A.B. asks: 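Could you have a look at this structure, given as structure tokens, before my questions?
Because the structure is a prediction, the values reported are computed rather than measured. Heads up: numbering here begins at 1 and tracks the sequence.
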Amino acid sequence: MHPRGSHDHRPHRRPRTTDTAPAGAAADPRRWRLLVFVALAQFMVLLDTTVVNLALPAIQADLKAGATAVEWVLTAYILCFGGLMLLGGRTADRWGRRRTFLLGALLFTAASLLCGLAQGAGLLIAARALQGCGAAFLSPAAMSLVTTTFPKGRERTTALAVWAALAGLGGTLGVIAGGLITDSLSWRWIFYINLPFGIVAVAGVLLLSRGRPETRIRGSRPDIAGAVTVTAGLAALVYAIVNIQDHGAASTPYVLAPAAASLALLAAFVLIERRTPDPLMPLHLFATRSLATAGLGRVLTSGVQASVLFLCSYYLQRTLGYSTLRSGFAFLPLGVVAILVTAPATRIMHKTGPRPVYLAGAAGSVLGLILLTQAPQHGTYLMHLLPALLILGASMQCCGIPVNVHGVSDIPARQQGIASGVLVAAFQVGASLGVATVATSALTRTTHELTHHTTPALAWLDGLHLGFWIATGIGVLNLLTAYFGLPRHHTAPAPAGPRTA
């Protein structure tokens with residue numbers, strides 16, 4: 001009995017986890033076919049992240065849009081994708097991974113149709129925002145479907161390696177497809193191509209997941225306050241980062257004010273999560289070393305990858321004089337070598353664990369970036385760019401696979417959705433931070449050189465070299481994360497029981 005006036009310290013009622021999997025059930029023989037359709041949907045999402053870039057001039061001319069409106073065609077997608085990622089991951093845990101995946105895939109596919117049909121910049125921006133919302137639910141649900149369908153150990157490592165290979169190919173092919181489709185058909189077809197991908201992925205998951213058991217969290221109220229604050233906070237952060245390039249870091253309305261709002265909202269989110277019985281983001285997960293290390297690794301790896309795509313695109317077009325379409329095809333070897341290195345990297349991980357592969361990838365990315373810092377004004381693609389792209393393609397894949405596998409290795413099945421959401425959100429935040437940092441630095445240096453009457457070609461090259469050196473610094477941080485963050489000794493996993501979706 002409590003003394004008069006004392007507070008009631010009874011513990012909150014814990015949410016109930018429902019799991020309909022029968023004990024001792026055998027692994028579902030359909031799991032590898034299910035992986036194909038889930039990875040196809042993720043391929044579609046990442047394809048659309050880069051496919052728009054080379055089509056922007058055609059979109060601007062066709063819709064008679066201003067420069068700011070065209071910028072928002074990219075920004076609206078990034079804001080909604082990154083800002084709603086944690087909500088998407090938590091929804092997958094609470095509502096079910098399959099249902100969340102199907103909701104996200106259908107929303108993304110329908111929004112792609114609206115993008116292609118848009119007759120004005122405003123409608124296109126709204127449809128792109130809707131695409132981002134669909135991606136935010138689809139992506140973490142898709143990854144958690146993989147991690148909960150395949151048992152921990154060799155099978156999960158292989159499945160995530162296939163996942164990473166197809167996802168990386170989607171980002172690379174997006175650059176090529178954007179130029180090719182826009183030149184041969186119309187910019188509208190860069191959105192229409194999502195329709196068959198989305199329909200096939202939805203149909204495949206519906207058929208192959210029929211009758212599969214589902215694990216969900218029940219018995220608690222949704223964390224609406226947490227969802228609102230973290231989504232608004234991340235959106236404000238991404239908004240500030242995106243605007244640094246055009247408005248400068250000292251711009252109060254476009255950078256400083258949204259950055260301050262982001263800090264306030266994210267601080268409020270932490271306070272809310274500490275007090276709510278069933279938080280959107282269980283903060284204790286970050287005490288799990290594997291997830292904390294993998295999240296940082298995803299930020300740094302995606303920062304390097306996005307920086308390379310941005311800076312090399314400018315080097316190809318501004319320095320080597322390549323056309324938009326030719327520049328897109330120049331990135332093809334990067335995606336091809338990433339696929340080729342997947343199988344051997346996976347075999348090595350089976351024997352040694354993730355740390356050696358991650359270390360090799362991080363060291364290789366530093367080497368590739370150093371090569372790019374030496375790219376000359378009158379260079380050639382075969383001599384001065386291709387070797388670095390091949391090294392970076394292999395290295396980025398050797399970084400991506402280990403952090404995905406390691407990040408979810410110690411997370412319980414009922415929280416795989418939010419853990420996947422954290423990793424995918426880390427990728428988006430890292431890419432935004434990387435591009436914003438190197439773009440601002442490179443363009444500022446170029447402008448400075450032009451004011452001192454440096455020839456445009458040399459001014460651009462000087463700015464790009466600075467950007468490559470900054471990207472190299474990000475790569476060194478990634479190398480340190482690989483060295484200190486992952487365990488030195490590999491312990492063979494014990495045989496795992498069946499997993500539920």
A.B. asks: Backbone N or O of A362 within a donor-acceptor pair of the S365 side chain at under 3.5 Å?
C.D. replies: yes
A.B. asks: Is T454 reaching over with its side chain to a backbone N or O of L450, donor-acceptor style, under 3.5 angstrom?
C.D. replies: no
A.B. asks: For S262 and P258, indicate whether the former's side chain and the latter's backbone hold a donor-acceptor pair under 3.5 Å.
C.D. replies: no
A.B. asks: Within this structure, what is the SG-CG distance for the pair C399 and L300, rounded to the nearest 0.5 Å?
C.D. replies: 9.5 Å
A.B. asks: Kindly compute the distance separating CH2 (W460) from NE2 (H465), expressed to the nearest 0.5 Å.
C.D. replies: 13.5 Å
A.B. asks: Is the shortest heavy-atom distance from the side chain of E449 to the side chain of L458 under 4.5 Å?
C.D. replies: no
A.B. asks: Report the distance from atom CD of Q131 to atom OG1 of T109, rounding to the nearest 0.5 Å.
C.D. replies: 9.0 Å
A.B. asks: Can you measure from CG (L138) to CG (L103) and round to the nearest 0.5 angstrom?
C.D. replies: 9.5 Å
A.B. asks: Step by step, work out the side-chain contact (heavy atoms from CB on, under 4.5 Å) result for I190 and L185.
C.D. replies: CA-CA 9 Å; I190 67 175; L185 296 171; over 6 Å; no
A.B. asks: Nearest 0.5 Å please: distance from the CG atom of L369 over to the CD1 atom of I391.
C.D. replies: 10.0 Å
A.B. asks: Is any side-chain heavy atom of L124 closer than 4.5 Å to a side-chain heavy atom of F191?
C.D. replies: yes
A.B. asks: Going through the checks in order, is the side-chain contact (heavy atoms from CB on, under 4.5 Å) test met by L389 and Y381?
C.D. replies: CA-CA 10 Å; L389 290 179; Y381 173 75; 4.1 Å; yes
A.B. asks: Is any side-chain heavy atom of I401 closer than 4.5 Å to a side-chain heavy atom of Y358?
C.D. replies: no
A.B. asks: Is there a side-chain contact (heavy atoms from CB on, under 4.5 Å) between V45 and F81 once you walk through the steps?
C.D. replies: CA-CA 10 Å; V45 168; F81 194 176; 3.7 Å; yes
A.B. asks: Is it true that a side-chain atom of S302 and a backbone atom of V299 form a donor plus acceptor pair closer than 3.5 Å?
C.D. replies: yes
A.B. asks: Kindly indicate whether the side chain of L477, heavy atoms from C-beta on, has any atom under 4.5 Å from the side chain of L296.
C.D. replies: no
A.B. asks: For H378, does its backbone N or O pair with a side-chain atom of H384 as donor and acceptor, under 3.5 Å?
C.D. replies: no
A.B. asks: Let me see the working for F331 and L316 under side-chain contact (heavy atoms from CB on, under 4.5 Å), right down to the final yes or no.
C.D. replies: CA-CA 10 Å; F331 286 107; L316 285 164; 4.0 Å; yes
A.B. asks: Is there a donor-acceptor pair under 3.5 Å between the side chain of T380 and the backbone N or O of M383?
C.D. replies: yes
A.B. asks: Using modelled atom types only, decide if a donor and an acceptor are shared between the side chain of Y254 and the backbone of A240 within a distance under 3.5 Å.
C.D. replies: no
A.B. asks: Can you confirm whether L123 sits close enough to L114 that some side-chain heavy atom of one is under 4.5 Å from a side-chain heavy atom of the other?
C.D. replies: no
A.B. asks: When rounded to the nearest 0.5 angstrom, what is the spacing between CD1 in I339 and CG in L334?
C.D. replies: 10.5 Å
A.B. asks: Just wondering, do V202 and L106 contact through their side chains at under 4.5 Å, heavy atoms?
C.D. replies: yes
A.B. asks: Determine whether F484 and T293 make a side-chain contact, defined as any pair of heavy atoms from C-beta on separated by less than 4.5 Å.
C.D. replies: no
A.B. asks: Does a side chain donor of either Q397 or T342 reach within less than 3.5 Å of an acceptor in the other side chain?
C.D. replies: yes
A.B. asks: Give a yes or no on whether the backbone of A118 and the side-chain of R188 come within a donor-acceptor separation of less than 3.5 Å.
C.D. replies: yes
A.B. asks: When you measure from the side chain of T472 to the backbone N and O of F468, does any donor-acceptor pair fall under 3.5 Å?
C.D. replies: yes
A.B. asks: Using 30° and 60° as the class limits, which term best fits the ring planes of F108 and Y77: parallel, tilted or perpendicular?
C.D. replies: perpendicular
A.B. asks: Cation-pi between R355 and Y483: NZ/CZ under 6.0 Å from ring centre and within 45° of the ring axis?
C.D. replies: yes
A.B. asks: For the residue pair L256 and S251, establish whether any side-chain heavy-atom pair is separated by less than 4.5 Å.
C.D. replies: no
